[in-house]
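These figures come from a predicted structure and were not determined experimentally.
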Amino acid sequence: CVQLLGPSADQKYAALVAVKVKDGVKLGGKLREMVAEALKQMPEAQRPLVKLDHASAGTVKIHRFDLPGDQKPISEMQKVLGETSLYFAFRDDAAFIAMGKDSLAMLKETIAAPTTGPSPIFLYEVDVARLAPMIAPTEELRAAAKKIFQGGQDGMVRLSLEGGAALRLSISTRLPVVQFLSQTREM
């Protein structure tokens with residue numbers, strides 16, 4: 001599952017990726033061991049960028065990796081996300097990565113949420129209403145997006161792949177998304 005949140009009041013976004021895994025706690029423990037060993041090899045000045053067991057959500061430990069803001073791609077990313085810290089966590093059934101404005105709080109909330117039965121093999125959700133200010137190439141189109149997505153509603157696109165006796169792919173969205181995308185195509 002991929003989730004994009006925002007924009008916040010200061011026009012920043014956050015992203016969360018959750019992947020279903022088997023033995024996630026074991027996987028997370030192995031990754032933690034590898035990172036702890038790598039920290040011993042890192043230059044002293046870079047070690048503060050990696051914070052193992054930075055936070056927790058219940059019994060799940062959350063690790064933080066600060067990306068160096070002095071590199072151009074990272075500084076560009078910071079303009080959109082506000083923060084350049086990556087958060088990683090592993091629950092027995094899932095692995096999580098979060099980044100951006102208030103992403104640590106979003107990650108904690110997601111980890112603590114109860115699991116609800118079987119999940120799709122692949123699930124991607126994006127809110128085009130939230131993305132519109134970033135993807136609209138002109139001011140005219142950004143203004144049109146505000147009219148199309150009044151109150152920031154009706155912008156969800158969901159792509160799901162489910163297993164079983166046969167694979168089933170489904171895409172669902174609402175009419176305002178189609179209207180907005182058709183206008184971007186015309187420009």
Side-chain angles (χ1 to χ4, degrees), residues 1-21 24 57 62 64-65 67 73-91 93-164 166-187:
C1 175
V2 177
Q3 187 176 26
L4 180 69
L5 296 175
S8 60
D10 58 354
Q11 300 302 302
K12 303 298 182 209
Y13 292 82
L16 171 74
V17 177
V19 179
K20 186 174 182 167
V21 297
I62 300 171
R64 176 178 169 163
F65 296 86
L67 302 177
I74 306 298
S75 63
E76 291 297 316
M77 190 169 40
Q78 188 171 17
K79 290 176 186 175
V80 175
L81 299 174
E83 296 178 22
T84 56
S85 297
L86 283 169
Y87 297 98
F88 294 87
F90 295 87
R91 205 169 58 192
D93 63 339
F96 304 90
I97 301 172
M99 183 176 195
K101 178 81 174 181
D102 300 324
S103 59
L104 178 58
M106 176 179 62
L107 178 59
K108 287 180 175 184
E109 184 179 313
T110 302
I111 291 169
T115 55
T116 56
S119 60
I121 296 170
F122 176 79
L123 174 64
Y124 180 76
E125 292 180 328
V126 62
D127 190 342
V128 176
R130 290 181 174 178
L131 279 178
M134 289 189 335
I135 62 174
T138 66
E139 189 58 45
E140 179 184 347
L141 194 52
R142 285 188 281 280
K146 286 181 184 178
K147 289 179 185 175
I148 292 170
F149 301 115
Q150 292 182 10
Q153 300 297 314
D154 296 332
M156 290 302 293
V157 175
R158 180 183 175 106
L159 174 67
S160 175
L161 179 64
E162 298 173 0
L167 283 179
R168 188 174 133 214
L169 176 68
S170 63
I171 301 172
S172 62
T173 191
R174 305 207 52 178
L175 183 59
V177 172
V178 176
Q179 290 173 318
F180 174 73
L181 294 176
S182 70
Q183 287 190 15
T184 61
R185 185 94 171 132
E186 293 171 6
M187 300 205 130

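What you find for A95 and V21 is that their closest heavy atoms are N-CG2, 3.9 Å. Across every non-hydrogen atom of A98 and L107, the tightest pair is CB-CB, 4.0 Å. Minimum interatomic distance between L141 and T138 (heavy atoms only, all atoms of both residues): N-OG1, 3.1 Å.
Interatomic distance, L159 CG to S170 OG, rounded to the nearest 0.5 Å: 7.0 Å. Note that CG of D154 is 9.5 Å distant from CG of D127, once rounded to the nearest 0.5 Å. Atoms CZ and CE, on F96 and M106 in that order, are 11.5 Å from each other to the nearest 0.5 Å. Interatomic distance, NZ of K147 versus CD of Q179, reported as 13.0 Å (0.5 Å rounding). Distance CD1/I97 to OG/S103: 11.5 Å, rounded to 0.5 Å. Atom-to-atom distance recorded for Q78:CD and E76:CD is 10.5 Å, nearest 0.5 angstrom.
The closest side-chain heavy-atom distance from I135 to F180 is below 4.5 Å. Taking the side chain as every heavy atom from C-beta outward, F149 and V128 approach each other to under 4.5 Å. Contact check for K101 versus D10: side-chain heavy atoms found under the 4.5 Å cut-off.
Between the side chain of Y13 and the backbone N or O of R130, at least one donor-acceptor pair lies under 3.5 Å. Looking only at distances, a side-chain donor or acceptor of T173 sits under 3.5 Å from a matching main-chain atom of M156. Counting only distance, with no hydrogens or angles, the side chain of R142 and the backbone of A136 share a donor-acceptor pair below 3.5 Å.
For S85, the side-chain hydrogen bond (donor to acceptor under 3.5 Å, both in side chains) partners at least two apart in sequence or on another chain are R64, D66.
For R168, the CZ atom is loosely surrounded, since the number of other residues' heavy atoms within 6.0 Å does not exceed 12. By the neighbour-count criterion of 12 heavy atoms within 6.0 Å, atom CD of E125 is densely surrounded, having more than that number from other residues, nucleotides or ligands.
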With side chain to side chain contact (heavy atoms under 4.5 Å, CB included) as the criterion, how do L67 and M99 come out once you've worked through the C-alpha distance, each side chain's angles and the decisive distance to 0.1 Å?
CA-CA 11 Å; L67 302 177; M99 183 176 195; 3.6 Å; yes
